[in-house]
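Naming convention: chains lettered A, B, ... in sequence-line order (proteins, then strands); numbering from 1 in each chain.
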There are 2 protein chains.
Amino acid sequence: MNETIHGMPPTLHDVAREAGVSLATASRSLNGSTRKVNETYRARVLEAAERLGYVANLSAQSIAKGTSSTLALIVSDIADPYFSSIASGVVRDAEQLGLVSTIGITQRDAKRELDIVRTLRGQRPRVVIVAGSRFVDAELDEQLTRELEAIRNLGGRVVMVSQRSLPFDTVQIDNHGGARDLALALVERGYRSFAALTGVSSLMTARDRLAGFRAGLAEHGLELAEERVFESDFTRDGGYDAGGRMLERGIDDIDCVFAVNDVMAVGAMSRLREEGVDVPGRLAIAGFDDIATARDVTPALTTVRLPLEQVGAAAIELATAETDGHAIVTISGEVVVRESTPQRG
Amino acid sequence: MNETIHGMPPTLHDVAREAGVSLATASRSLNGSTRKVNETYRARVLEAAERLGYVANLSAQSIAKGTSSTLALIVSDIADPYFSSIASGVVRDAEQLGLVSTIGITQRDAKRELDIVRTLRGQRPRVVIVAGSRFVDAELDEQLTRELEAIRNLGGRVVMVSQRSLPFDTVQIDNHGGARDLALALVERGYRSFAALTGVSSLMTARDRLAGFRAGLAEHGLELAEERVFESDFTRDGGYDAGGRMLERGIDDIDCVFAVNDVMAVGAMSRLREEGVDVPGRLAIAGFDDIATARDVTPALTTVRLPLEQVGAAAIELATAETDGHAIVTISGEVVVRESTPQRG
DNA sequence: CTATGCTGGGCAAGCGTTTTCCGGCGACAG
DNA sequence: CTGTCGCCGGAAAACGCTTGCCCAGCATAG
């Protein structure tokens, strides 16, 4: 495994020369080409490659084959446990398939997302997985669709996560159904008057969850008035903030808060604790996602469990399957009741 | 922006033809080459590129230039907040520099790490940032060093995070000092008899933090007996597990637990809560890293704050700086005292 | 008016692979 | 013994881009 003395990495050329065969034979020996090569030669090549520490140049391969081995994953924020869990699943499975994972971070900015996808074209990725929560904006959606279609025309597979409305294969998360189930479970446990902490209303995921929650309440003749919905960022700090605004308004007529995701719930819990509100004694709280932390806060958080790593896996599976480009895989959550929503007297 | 009708993406060739100039002129117009090109031509080329929806093929550029625009980040586990925070910083800054970030996950397996680095060679990355906590294993270390040196010989910059002993630029985290400071702070608050929850002893980071903690105690004539050190995985579940083992042993003679990282601390807190141990009433606890969750658990966790995103930024800075390849930037933590370690009567 | 530079376009040679195509060779059938 | 065919090695043409080099055109100086 001694490298060539001078700076340059060994090329296939070097290997071929070292093994005393042609470039073609060397190439055919080193990757499972369709053509067979004599075992003697093959061994000589492998041995030479090993000795020189040869590793094929991926870029050269891409350009020669006309197809890269890159998977591009786009997320809103990799530090958010929701996305890092998905990423974890995606990267693991991608590796298994011999794909190199690249990652783009939109910082929850639709404009940035568009930029990222655009520059992605340059990579000629074989798979693009768009996991950033999408916004409701026809204009940007259309541009994004165009870019993604361009990538698809270049031979790349596009998979959306949790975004039903674009014409690509998608791993859909049943936000509506999960939130509905959660609402039912909460009502069953005796809660009657709710408030909600949510992300900006242009955020698809937030909308769907809120709508689902309302649907669940409606089944029991309950409703969630607009004035009890507090909008903020879709993050921990957003939850902290929205929780504060809820307190300012007053919580006399509220017995349970639904945060549209766990990080917001966790932020809100911190705020409530700081302000001396007893959770769950005075106010119960529930979230959505079941991030790892949900078990570890006090009280442990009632939520809707989403098999996040599995979402990543499903995305990859879709990407490698034969589809018409409009396949939809739905992943459903499951209500997990914990101490943050005890049975109510 | 209408693509060519047939499947193939437009190439520079197409743009040149469309603009009625040579390949060379087209190339020079589209990237800031050293050579100037007449404004008339330049405009024509840009316009043609726009019209065709041309985006340069990154692979082709890499191979033509002999240098890629890839940054490779290697972490143990992207779902761990420690690493995802670092990744967040790295990816953001990389993007700013026009680098595409690829990511590899070692799953805390040194063997896998080696594999990953090996296949990385194929990417000819311009920068490699190795953030996975390294192990103490001379054999593997040497192989890893060889691989990384090979990459460096190919013109890539290698930066280690939190790993002092390898001959590369490194962003060092002052684990020893931070843990020492923490110990001092805890003693000052009245704690006298400690236990520790730690990762496997072959894990550098765990060792250093434990050693630092002991050093701090020693300054007050205190010590941490081996039998009060509980080893487990460097994860939340590891903390949960180690906490349980500690309880089995008995905690009559312990008033404060030091977990070598926050996720372990959080896991342990959950275990303690489950077992009915009052935290911090009966037992105080402190961690290390100051992950986001540390503020949100109850009681809020005393810890050592590490500016994790900044660590990522520092790594990139090192990678782009002129160094001898042995530069060391040290990042220090700062003790943050919270409710998990109240002043002791 | 010629010598000298400088500017900037274009030709073509790479970069490290894969893959097509050609041709030599051995096997086997007639 | 000849004709066919399949097998497989090697030469060379791609793949999409950058860049060294040449050279035409023009401005400036002597």
Closer than 4.0 Å, any side-chain N/O of [X] to the OP1 or OP2 of [N]?
X	N	result
A:Thr25	D:dG10	yes
A:Asn57	C:dC15	no
A:Ser22	D:dG9	no
A:Ser27	C:dT17	no
A:Gln61	C:dT18	yes
A:Tyr41	D:dC7	no

Please report the distance, rounded to the nearest Å, between [atom1] in [X] and [atom2] in [N].
X	N	atom1	atom2	value
A:Arg121	D:dC17	CZ	C1'	17 Å
A:Arg17	D:dG10	CZ	P	15 Å
B:Leu30	D:dT18	CG	C1'	12 Å
B:Arg42	C:dG8	CZ	C1'	13 Å
B:Gln123	C:dC15	CD	P	22 Å
A:Leu58	D:dC15	CG	P	20 Å
A:His13	C:dT18	NE2	C1'	15 Å
A:Leu23	C:dT18	CG	P	9 Å

Identify, between A:Arg35 and A:Lys65, the residue whose nearest nucleotide on DNA chain C lies closer to the 5' end.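 The 5'-side residue here is A:Lys65.
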If each of A:Ala56 and B:Val37 is mapped to the nucleotide of DNA chain C with the nearest heavy atom, which maps nearer the 5' terminus, i.e. the 5' end? B:Val37
Where the side chain of [X] is defined as all heavy atoms beyond and including C-beta, which of [options] is the nearest nucleotide?
X	options	answer
B:Asn38	C:dT17, C:dG9, D:dT18	C:dG9
B:Ile63	D:dC17, C:dG9, C:dC15	C:dC15
B:Arg28	C:dG14, D:dG10, D:dG20	D:dG20
A:Ala24	D:dA12, C:dG9, C:dG16	D:dA12
B:Ala64	D:dA12, C:dG10, D:dT18	D:dT18

Straight-line distance of B:Leu97 CG to B:Leu99 CG, nearest 0.5 Å: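 One gets 5.5 Å once the value is rounded to the nearest 0.5 Å.
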So how far is it from A:Thr102 OG1 to A:Leu73 CG, rounded to the nearest 0.5 Å? 8.0 Å
Is the closest side-chain donor-acceptor distance between B:Arg44 and B:Ser29 under 3.5 Å?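 No - no donor-acceptor pair under 3.5 Å links their side chains.
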Does [X] use its side chain to pair, donor to acceptor, with the backbone of [Y] at less than 3.5 Å?
X	Y	value
B:Asp77	B:Gln107	no
B:Arg157	B:Leu318	yes
B:Arg126	B:Leu71	no

